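Report on the following structure.
Naming: A, B, ... by sequence-line order, numbering from 1 per chain. These numbers come from the heavy atoms of this one structure, side chains and all, not from hydrogens, waters or symmetry mates. Just so you know, these numbers come straight off a predicted model, no measurement behind them.
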There are 2 protein chains.
Amino acid sequence: MPRRTKAEAAATREALLDAAEDVFFDKGVARTSLEQIARHAGMTRGAVYWHFRNKADLFHALLERVRMPFAELVDEVEQGSEASPLETTRLACHVSLKRLEQPRYRRILSILVHRCEFFSDINPLEMQDQLANECFAELCEQFRRAHDQGALAPHLTPETASRLLQSTLGGLFHDWLRMPDRFSIVTEGGHVIDTLFELMQHPSSEESSHQP
Amino acid sequence: MPRRTKAEAAATREALLDAAEDVFFDKGVARTSLEQIARHAGMTRGAVYWHFRNKADLFHALLERVRMPFAELVDEVEQGSEASPLETTRLACHVSLKRLEQPRYRRILSILVHRCEFFSDINPLEMQDQLANECFAELCEQFRRAHDQGALAPHLTPETASRLLQSTLGGLFHDWLRMPDRFSIVTEGGHVIDTLFELMQHPSSEESSHQP
DNA sequence: TAGCATACATACATGCATGTAACTATAATG
DNA sequence: CATTATAGTTACATGCATGTATGTATGCTA
C-alpha cells in the first residue's frame with residue numbers, strides 16, 4: 001500500500017535511520033545488511049533504496065544528525081557570561097562532556113569510532129580528523145587569548161596547552177566510549193579536566209572552587 | 001607440490017600473517033577475504049584453512065605478535081637507572097611512544113583500532129580495554145610512590161594524576177594513529193608529555209631540563 | 001621402502017548481500 | 001477527474017565469501 005503522504009515518507013526515512021542506528025550499534029556496520037535494517041524498521045529493502053542510494057549514503061545521513069563543532073559550544077558558553085577565556089574553555093569542555101552522555105550522541109559516535117571500518121567512499125578517519133582539527137583551532141585561539149592575559153603557567157605556550165587539552169579530552173573520550181559503564185564522563189572526566197585547567201593556569205591566579 | 005618441511009610450513013604461516021597484515025591494513029578486516037590474503041602470500045585458501053580455523057583465528061594470531069604491556073616498559077626503564085618514580089614513568093612514556101613509531105606496531109595497532117569492527121568471537125574493544133587497564137594500574141602504583149615522596153603538585157591525587165596521564169597518552173595515541181604523517185609522536189608527543197609532567201610535579205622540585 | 005601423516009591445492013555446495021528491474025497503489029497536481 | 005510522480009513491494013540476476021570435502025604429492029618414520 002505504498003505512496004504515503006509526504007510527512008509519512010519523512011517519518012519512514014527517520015525510522016530507517018533509527019533502525020540503522022540500532023543495528024549498526026550492536027552488529028557493526030559491515031556485518032549488517034540493508035535487509036536487516038529494513039526489517040528492523042518494519043519495511044523492506046525497497047524502502048531503503050528509495051530513500052538512500054546505498055549503505056554508504058545511509059551511513060552518511062546518519063552522521064548528519066549529530067554534528068557538533070566545538071566552536072559553537074564556545075559561542076554558546078560565551079553567550080551567557082563574560083568569563084575569562086580559560087574559564088570559558090573549561091565550561092565548554094564540560095558542556096561537550098555532557099553532550100556526549102546523551103544516548104543519541106553516544107551511540108552514533110560509538111558507531112563512527114568503533115563500529116565501522118572505512119568502506120567504499122566513506123572514511124570515518126577523515127571525519128574524526130576534521131572534527132579534531134576544528135576543535136584544535138578553536139582551542140588555540142582561546143589559549144592564545146589566555147596567554148596574552150598572562151593567565152597561563154610559565155613555560156606553557158598556547159599551542160602546547162591546546163595539544164595537551166585536546167589529547168586529554170580525546171583520551172578521556174576514547175576511554176569512556178570504549179566502556180561507557182565503567183565511569184561517568186561528566187563527573188570523573190570533568191574532574192580530570194578541572195585538574196588539568198588548575199595545573200595549566202598561572203599560579204598567581206588561584207581562585208580554586210574546590211572541596212572545603 | 002605440498003608437504004614442505006616443518007620449517008617451510010612455519011615460514012608460510014608467517015607469510016600468511018604478513019599478508020594478512022598488509023591486506024587488513026589497506027582494505028580493512030571486514031572487506032578482505034581469505035582468498036585475497038592467500039593470493040597476496042602466493043598461496044591458496046587451503047593453506048589459510050590449514051593453519052587457521054577462520055578469519056577470527058587468523059586475526060587473533062596477528063595480534064599475538066605485538067603484545068606490549070606497559071608494566072614491562074617500566075621494568076625495562078627501572079633496570080637502567082635509579083631515578084624517581086616520576087622520572088621513571090616519564091621515561092617509560094617516551095619508550096612507549098618510540099615503540100609506537102615502529103611500522104610493525106603502528107600497522108597492527110592501526111588495524112586493531114581503526115580497521116576492524118568487532119566480529120564473531122573477536123572483540124577489539126575488550127583487547128583495548130585490557131591494555132588500558134594494565135597501563136592504568138601501573139600508572140597508579142608509580143604515582144602513589146611519587147605522592148608518598150611528596151613529589152606531586154598540591155591537590156593532585158595519584159588516581160587523578162594517573163587518569164590525567166593515561167587520557168593524555170591515549171588522546172595523543174589516537175590523534176597520531178589517525179593521521180600518523182601529521183606530526184611525530186616521538187618529538188611532539190614527547191613534548192606534550194614532558195609539559196604535563198612538569199605541571200604535575202611539586203613546584204619545589206624544579207629541576208627542569210628545558211630550553212635555555 | 002611401505003605407509004602414514006602432513007601441507008597444501010582444487011572443487012563443490014551453500015548462503016547471503018547487493019543492485020536493479022518490474023509491478024502497484026496512492027497522494028498530489030492540474 | 002485524469003494523470004503523473006511518489007513511495008514503496010516483490011522478484012530476479014549476479015557475485016562473492018565461506019566452509020568443507022576431496023585430491024595429491026611429499027617428507028617422515030618404522
Sugar-phosphate, base or nothing in reach of A/Ala9, heavy atoms under 4.0 Å: sugar-phosphate

Flag if over 12 foreign heavy atoms under 6.0 Å of CZ, B/Arg39: no

B/Glu141 side chain vs B/Glu138 backbone, donor-acceptor pair below 3.5 Å: no

Pairs touching residues 53-102 of chain A that satisfy ring-ring contact (aromatic ring centres under 6.0 Å, His included), sequence neighbours left out: A/Phe59-A/Phe119

Short side-chain N/O contact from A/Thr5 to OP1 or OP2 of C/dA28, under 4.0 Å: yes

Below 3.5 Å is the cut-off: list the nitrogen or oxygen pairs between protein and nucleotides 17-20 of chain D, distance only.
| from | atom 1 | to | atom 2 | distance (Å) |
| --- | --- | --- | --- | --- |
| D/dT18 | OP2 | B/Leu34 | N | 3.0 |
| D/dG19 | OP2 | B/Tyr49 | OH | 2.5 |
| D/dG19 | N7 | B/Arg45 | NH2 | 2.5 |
| D/dG19 | O6 | B/Arg45 | NH2 | 2.7 |

Residue closer to the 5' end of DNA chain D, A/Trp50 versus A/Gly42 (nearest nucleotide): A/Trp50

Nearest atoms (heavy-atom pairs only) where A/Phe118 meets B/Lys27: CZ-C, 3.9 Å

Donor-acceptor under 3.5 Å (A/Glu8 side chain, A/Thr5 main chain): yes

Aromatic plane relationship, A/His174 with A/His114 - under 30° parallel, 30 to 60° tilted, over 60° perpendicular: perpendicular

Angle by which the axis turns from one end of the helix from C/dT1-D/dA30 to C/dG30-D/dC1 to the other, five pairs per end, to 10 degrees: 0°

Residue list, salt bridge (charged side-chain N to carboxylate O under 4.0 Å, His left out) with B/Glu134, at least two apart or on another chain: none

Smallest separation among heavy atoms of A/Pro124 and A/Glu117, with atom names: CG-C, 4.2 Å

Contact under 4.0 Å: B/His51 side-chain N or O vs C/dA7 OP1/OP2: no

Atom-to-atom span, CZ of A/Phe52 to P of D/dA7 - whole angstrom: 13 Å

Residue closer to the 5' end of DNA chain C, A/Gly46 versus B/Thr44 (nearest nucleotide): B/Thr44

Aromatic B/Tyr105 / basic B/Arg65 pairing, under 6.0 angstrom, 45° off normal: no

All ring-ring contact (aromatic ring centres under 6.0 Å, His included) counterparts of A/Phe52, not counting sequence neighbours: none

Flag, side chain of A/Glu21 to backbone of A/Ile108, donor-acceptor distance under 3.5 Å: no

Within residues 12-26 of chain B, residues whose heavy atoms come under 4.0 Å of DNA chain C: B/Thr12

Rounded distance (Å) that lies between atom P of C/dA25 and atom CD of A/Glu8: 17 Å

